[in-house]
There are 2 protein chains.
Amino acid sequence: MATIKDVAKKAGLSVSTVSRYLNNHPYISDDKRKRIQEAMAELNYTPSSVATQLRSKKGTMIGILVSRIANPFFSHLVDSIEKNARLHGYTVLVMQTYDDKKAEKNMLEMLKQRVISGLVMCSIEGDSKTIESYQEYGPIVLCNEHIPETQLPQVYTDQEVASFEATEYLIAQGHKKIAYCTGGSLTRGGHGNSRTEGFERALHTHNLPMKIDWIFKQVHTIQDGMEVADKLLALPEENRPDAIFTSSDEVASGILERYLDVGKQVPRDLAILGFDNQPFTGMLSVPLTTIAQPIEALGRESTNLLISYLEEKDYQIDTSDLVLKLIIRKSA
Amino acid sequence: MATIKDVAKKAGLSVSTVSRYLNNHPYISDDKRKRIQEAMAELNYTPSSVATQLRSKKGTMIGILVSRIANPFFSHLVDSIEKNARLHGYTVLVMQTYDDKKAEKNMLEMLKQRVISGLVMCSIEGDSKTIESYQEYGPIVLCNEHIPETQLPQVYTDQEVASFEATEYLIAQGHKKIAYCTGGSLTRGGHGNSRTEGFERALHTHNLPMKIDWIFKQVHTIQDGMEVADKLLALPEENRPDAIFTSSDEVASGILERYLDVGKQVPRDLAILGFDNQPFTGMLSVPLTTIAQPIEALGRESTNLLISYLEEKDYQIDTSDLVLKLIIRKSA
DNA sequence: CTGAAAGCGCTAACAG
DNA sequence: CTGTTAGCGCTTTCAG
């Protein structure tokens, strides 16, 4: 591997001149510029980014933390972040937490070790105090995660209101016994889950009951959805909900599939509300009514915000696209 | 940020002793060991991986190249690779090419610059000679990409045979006018596309025609699928195919959706074959007949292979799981 | 078992 | 405009 030294020798110049050239320093005479270019080409030289980073303490890699990349919501989010980061010359390091605090800690440590220069967290496991403490090593922005009592920069949508409105929509359709699924536990990492809060508020507002048998935690996959359906179906008929608010389209599809399998009708026997508006959901046997998230905007705004910190510029989040939207189809 | 120097000073030892401790060198007296541990804890010290890499020339990051992370096939593949890499203590750097040679080149350059120590390529744009030339900087393994005339290590399935068999299945159902969609161009990066080859071989074997109007290139998305359907429907009836082999479930769903929209029936008016067996495909209005790929095994084997090169061990690919499987449902 | 010293490849004052 | 001179934080001989 050729080094800057070799280039300097071949060009008959000093290392510093070559270094200046590399950093597009102004004021380098044209003939030397040419000699450097020739030397670099001949030697097939590439600067070592490791050495550069060690010296300059500036990196060009940003980290992204997601819980599961295989979840389409996250893969699209990563897509959006990566695209925007690349626009600014940054590359992206993706890590999955699988809801594991350790993985999150690992990524935070990479910030400390300067492997990454900044971090977008699309998933949070640890408490905000811990995360905040890592800010001294580089900017951190929360994406689609909202913690009220923190000063960590965050880009988020109002899931409380969206959940409230979607639940009200269910109620307006005449449903009174509404079940609820969530991906995490009900309270997340010490702070409340805003979807849950919106759901509860709608129930309260309309004086509707919330029953333990109708609450499901830690459900993520189609399979999980099917199991939820089984539990619902095992309930005595008069105690069975007539609508369900789910945490994801996967879960919603699983429930739908199982209900259809046993000869039930949707939404007659159960109205199902999804979350995410994933590509296929409009094409299921019963097209899913669901809540669309502004993935592209979430990725774009959080990336822009992070980069503004990295480059010490100002950036004002454009919230105009950060809105959730209820997509009404057939399932509810 | 505390450095190894600070730790040494605080422990009253030399830097080299601390370095030895960090690298679990044998022969360090127990009391010094303890003093080092205390000093590190007090200073909240973390070794700088950048400096370590610069000196030792060994890294712990592997790169993954995919064309589009938002494609569920790739996001699941990345998931599998990441999980397996983590098992061995490696972290993962993901980059999308968007079918752009430049992005691929970038990743290859990261190998040269030692940002990553090894690379799994799940997508290939450039020619094999170029890629081979980067092998001197670190191991590269091809995942789900097969180039016959290269000595690059590769982990792949036999898509030619699977496509052949799936096409024969279509023919066995009585279809004689079979259309074809592909994600890329028909020949890819100079070498043939094995799916196309399998499809063609089946047609030849059964003396069936291949018509230009029935061939679609560069189709990827649901939207693309809908456009394909429109073109099909614009054909005079007697010239319209009665079956279609698609490159992905997205495309298949798009075609399906449009056909259903205009009142056609599937598979009566058109038999549709998908590719990938994505989670939702069994639950569409007409459940998709499709080809399942062994994603988990592809990720696992390529990661194991790459790591074996990195750690200079031997590894024999376990091909037993690397098989494609036709999933017969309703659409064909 | 431990320390001193010499760099890894590059950047950044400081003098010309 | 260009060269000299110190290091960045860590590993690795080479002598004790």
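Everything numeric here is computed off the predicted structure, so don't read it as measured data. Per chain, numbering begins at 1; letters A, B, ... match sequence-line order.
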Flag for B:Asp100-B:Thr97: side-chain donor and acceptor within less than 3.5 Å: no
Using a cut-off of less than 4.0 Å, is there contact between a side-chain N or O of [X] and OP1 or OP2 of [N]?
X       : N      : answer
B:Ser48 : D:dG9  : no
A:Thr52 : C:dC10 : no
B:Tyr45 : D:dC10 : yes
B:Ser19 : D:dT11 : yes
A:Ser14 : D:dT4  : no

Heavy atoms of other groups near A:Gln316 CD, more than 12 under 6.0 Å: no
Atom NZ of B:Lys9 with >12 non-hydrogen neighbours under 6.0 angstrom: no
Candidates D:dC8, C:dA4, D:dT11 - which lies nearest the side chain of A:Lys57: D:dC8
Nucleotide of D:dC10, C:dT11, D:dG3 approaching A:Leu22 most closely (side-chain heavy atoms): C:dT11
Worked verdict on A:Asp6 versus A:Lys10 for salt bridge (Lys or Arg N to Asp or Glu O under 4.0 Å): CA-CA 6 Å; A:Asp6 303 323; A:Lys10 181 141 232 150; over 6 Å; no
Side-chain donor/acceptor contact of B:Arg55 with base of C:dG7 under 3.5 Å: yes
Listing time: all N or O pairs from protein to nucleotides 13-16 of chain D that are below 3.5 Å?
none

Taking [X] for its side chain and [Y] for its backbone only, find out whether a donor-acceptor pair lies under 3.5 Å.
X        : Y        : answer
A:Gln96  : A:Val66  : no
A:Glu104 : A:Glu125 : yes
A:Arg114 : A:Lys58  : no
A:Ser48  : A:Ala51  : yes

Test salt bridge (Lys or Arg N to Asp or Glu O under 4.0 Å) applied to A:Glu109 and A:Lys105, step by step: CA-CA 6 Å; A:Glu109 284 295 318; A:Lys105 188 88 176 174; 5.1 Å; no
Atom-pair distance ([atom1] on [X]; [atom2] on [N]), nearest Å:
X        : N      : atom1 : atom2 : value
B:Gln53  : D:dC8  : CD    : C1'   : 15 Å
A:Lys5   : C:dG9  : NZ    : C1'   : 9 Å
A:Ile4   : C:dG7  : CD1   : P     : 18 Å
B:Arg114 : C:dC10 : CZ    : C1'   : 16 Å
B:Leu43  : D:dG9  : CG    : C1'   : 15 Å
A:Asn23  : D:dC1  : CG    : C1'   : 16 Å
A:Met40  : C:dC10 : CE    : C1'   : 14 Å
A:Asp30  : D:dT2  : CG    : C1'   : 15 Å

5′-ward residue of the pair B:Ser29/B:Leu54 relative to DNA chain C: B:Ser29
Degree of bending in the helix from C:dC1-D:dG16 to C:dG16-D:dC1 once both end axes are built from five pairs, to 10°: 40°
Evaluation steps, side-chain hydrogen bond (donor to acceptor under 3.5 Å, both in side chains), between A:Asn44 and B:Lys112: CA-CA 11 Å; A:Asn44 182 26; B:Lys112 187 168 170 189; 2.9 Å; yes
